[in-house]
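Each chain gets a letter, A, B and so on, in the order the sequences are listed, and its residues count up from 1. It should be emphasised that the depicted structure is a prediction, and the values quoted were computed from it without experimental measurement.
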Amino acid sequence: MGESSGLTDYRFLLVGMLGMFLLAIGLVFFFLAYQKRLLKQQRLHQQKEVEYQQQLLRANLLSQEKERNRIGKDLHDEVGAMLTTSKLYFRHLEQDAPKEKFAELKDKVFTLLEGTIASVRRVSHDLRPVVLETLGLKEAVANIRDELNTSGEIQMTFESDWKGVMNKEYQLNWYRIIQELVNNTLKHADADLIEIEMSGNGDHMKLSYTDNGVGMASGRHEPGLGLSNIESRLSLMNGGLVFNETKHGVSFELTSKKTMNTHEHG
Amino acid sequence: MFIIVPFLLGISRWQNLTLGQKAMFYVVFLAVLVDGLTMTLKELGIQNNLWVYHLSVPVHWVLLIKVFTKEFIKPIPRRVLNVLIFGFTFFSLINSTFFQPLNELNTSAIVFSSIITLTLAVSYFYGLIKQPRFKKLESQPMIWFNTGLILYNSGSLLLFVFANFVNDQSPDFIITVWGLNIVFVVLLQLFYAVSLWVSPQD
């Protein structure tokens, strides 16, 4: 009887030791497998992050090139052409020419030079929005609204209860984002109403943008470059972009987290 | 005898060992000392060499805590370290003085240290799962060291819990279960050897 009990204890202890050992092996394998899976996920995440950054960089470069081309075209087609014409007029502008012809040529040159100045001002304004520089973001957006409403082709409403401080870099980023959104609506949306709301404080800024056009599903928007630029600018401001589902048109909510690392008021 | 493998590896690679690996080497070095001392005592005809374990178990514990201190992702707070080191040493002293005298194997201290070592080893793996930081697990010494600790302490824990019972059984019984313990020890030494062999890469 005693021998049988000893044998049972013996088996119990051996099975116990081996069982614990096997459990430990199971635990180690679980850890290793889980860790490998985590590392794989981490690698994929990093890869996606790199691809996204590359996409933003590419969009940024393309956008710069596009802007340079536009400026080059404006200078060549408008300013260059007007200056060339002015030069031709100057060639015919002689002191001993008949008084009437001299006055006519002088008026033409004067008109051309005024046109040239206006073109240069427009190009310069596109590069550095003066209203933004002098009056800040709210006034600059209000200026876009006024220009659009004056055109009569589309109506824009703009409301802002944003209170805070924003540096010039952030202001310019937001201004360009709004310009991009408005341009997209004008080019592709067939909309007759744009609504913009700005809210937030020094810690964050939120911008709601909606139009009543054909929407993203129509495929007429330009999701590649334009939206990548917007995302690129938002990522520079630790922000993001969210699409809201709407029956008609598009609706975006854009946010930036930090707006106060600055000394200038918006 | 297997302890000589990680010991020689540690000696030959001493210049290339990281601080963590050096802390691991001290654990191996203690095991060599204990093995050497117990064998010498046996050769000298001194039958009871169990007092060596009463000394080595607290020292081994302190050295293990040093390894974990160097390798844990979140540093162990100083207060917890003090509780672990001084608390265990105090417990070991009380155990040797009042409960398991020097001519008995100090199984209570060994079991207690095994349980806390297992807790620390599992916590280390849990910490890595929560916050992975190594790209190549196989080249991380602590992964090998920790795995060795988990396997050995899991396998041998029950033996030390029932050690007094085991020693009253038949010689076959004793040889089998202590033989199994030797297998676990050999395995532990192999893992120690690998932990001293690899060069850590992130």
Side-chain angles (χ1 to χ4, degrees), chain A residues 1-58 203-204 231 235-240 255 257-258, chain B residues 114-115 117-118 121-138 140 142-184 187-188 191 202:
Chain A
M1 188 71 184
E3 198 176 312
S4 165
S5 165
L7 196 67
T8 312
D9 294 338
Y10 170 71
R11 279 185 187 155
F12 162 75
L13 189 59
L14 270 183
V15 169
M17 285 172 73
L18 287 171
M20 291 276 283
F21 182 70
L22 288 175
L23 264 178
I25 289 180
L27 180 80
V28 171
F29 271 104
F30 168 75
F31 162 76
L32 291 174
Y34 198 84
Q35 191 77 0
K36 290 263 178 206
R37 210 177 100 192
L38 281 178
L39 287 172
K40 195 178 165 190
Q41 278 175 351
Q42 217 174 37
R43 226 174 10 248
L44 281 174
H45 183 73
Q46 280 170 351
Q47 201 178 332
K48 277 186 182 168
E49 186 71 23
V50 169
E51 278 170 12
Y52 178 67
Q53 291 300 331
Q54 280 176 342
Q55 194 187 337
L56 287 185
L57 185 66
R58 190 168 162 269
D203 293 330
H204 73 280
E231 284 183 329
S235 75
L236 285 174
M237 302 189 287
N238 296 314
T255 49
K257 278 180 189 165
K258 287 188 294 180
Chain B
S114 277
I115 290 170
T117 304
L118 275 173
V122 172
S123 304
Y124 176 75
F125 275 166
Y126 180 69
L128 277 185
I129 282 177
K130 280 190 84 177
Q131 196 183 331
R133 60 170 181 165
F134 302 130
K135 284 178 186 161
K136 288 184 177 176
L137 293 177
E138 64 278 8
Q140 292 307 318
M142 189 58 188
I143 300 285
W144 292 99
F145 190 84
N146 206 50
T147 303
L149 286 180
I150 287 185
L151 295 182
Y152 171 73
N153 285 290
S154 304
S156 295
L157 182 66
L158 281 181
L159 171 63
F160 287 106
V161 170
F162 296 107
N164 291 330
F165 161 78
V166 169
N167 291 335
D168 292 337
Q169 301 303 311
S170 65
D172 280 354
F173 191 135
I174 294 171
I175 289 169
T176 310
V177 289
W178 282 108
L180 191 56
N181 182 58
I182 289 171
V183 173
F184 294 147
L187 205 60
L188 177 67
F191 277 98
D202 281 337

Over all heavy atoms of both residues, which pair between B:Asn181 and A:Met17 is shortest? Give the atoms and the distance, please. N-CE, 4.4 Å

Test item: B:Leu158 and A:Phe12 side chains (from C-beta on) under 4.5 Å apart, heavy atoms: no

Heavy-atom proximity to chain A below 4.5 Å, by part of B:Leu118: neither

Answer whether the closest heavy-atom distance between the side chains of B:Thr147 and A:Phe31 falls below 4.5 Å. no

What part of B:Val161 gets within 4.5 angstrom of chain A, counting heavy atoms only: side chain, backbone, both, or neither? neither

Given a strict heavy-atom distance threshold of 4.5 Å, which part of B:Phe162 is in contact with chain A: side chain, backbone, both, or neither? side chain

If one checks every heavy atom of A:Phe30 against chain B at 4.5 Å, the contacting part turns out to be side chain

Part of B:Leu137 lying under 4.5 Å from any heavy atom of chain A: side chain

Would you please go through residues 34-44 of chain A and name the residues with a non-hydrogen atom below 4.5 Å from one of chain B, in numerical order? A:Tyr34, A:Gln35, A:Lys36, A:Leu38, A:Leu39, A:Gln42

Proximal component of B:Tyr126, with respect to chain A [non-hydrogen, under 4.5 Å]: neither

Applying side-chain contact (heavy atoms from CB on, under 4.5 Å), run through B:Leu180 and A:Phe21 and close with a yes or a no. CA-CA 11 Å; B:Leu180 191 56; A:Phe21 182 70; over 6 Å; no

Looking only at heavy atoms and a cut-off of under 4.5 Å, which of B:Ile143, B:Ile150, B:Val166, B:Ile129 has the most pairs with chain A? B:Ile129

For A:Leu27, which atoms come within 4.5 Å of any heavy atom of chain B: side chain, backbone, both, or neither? side chain

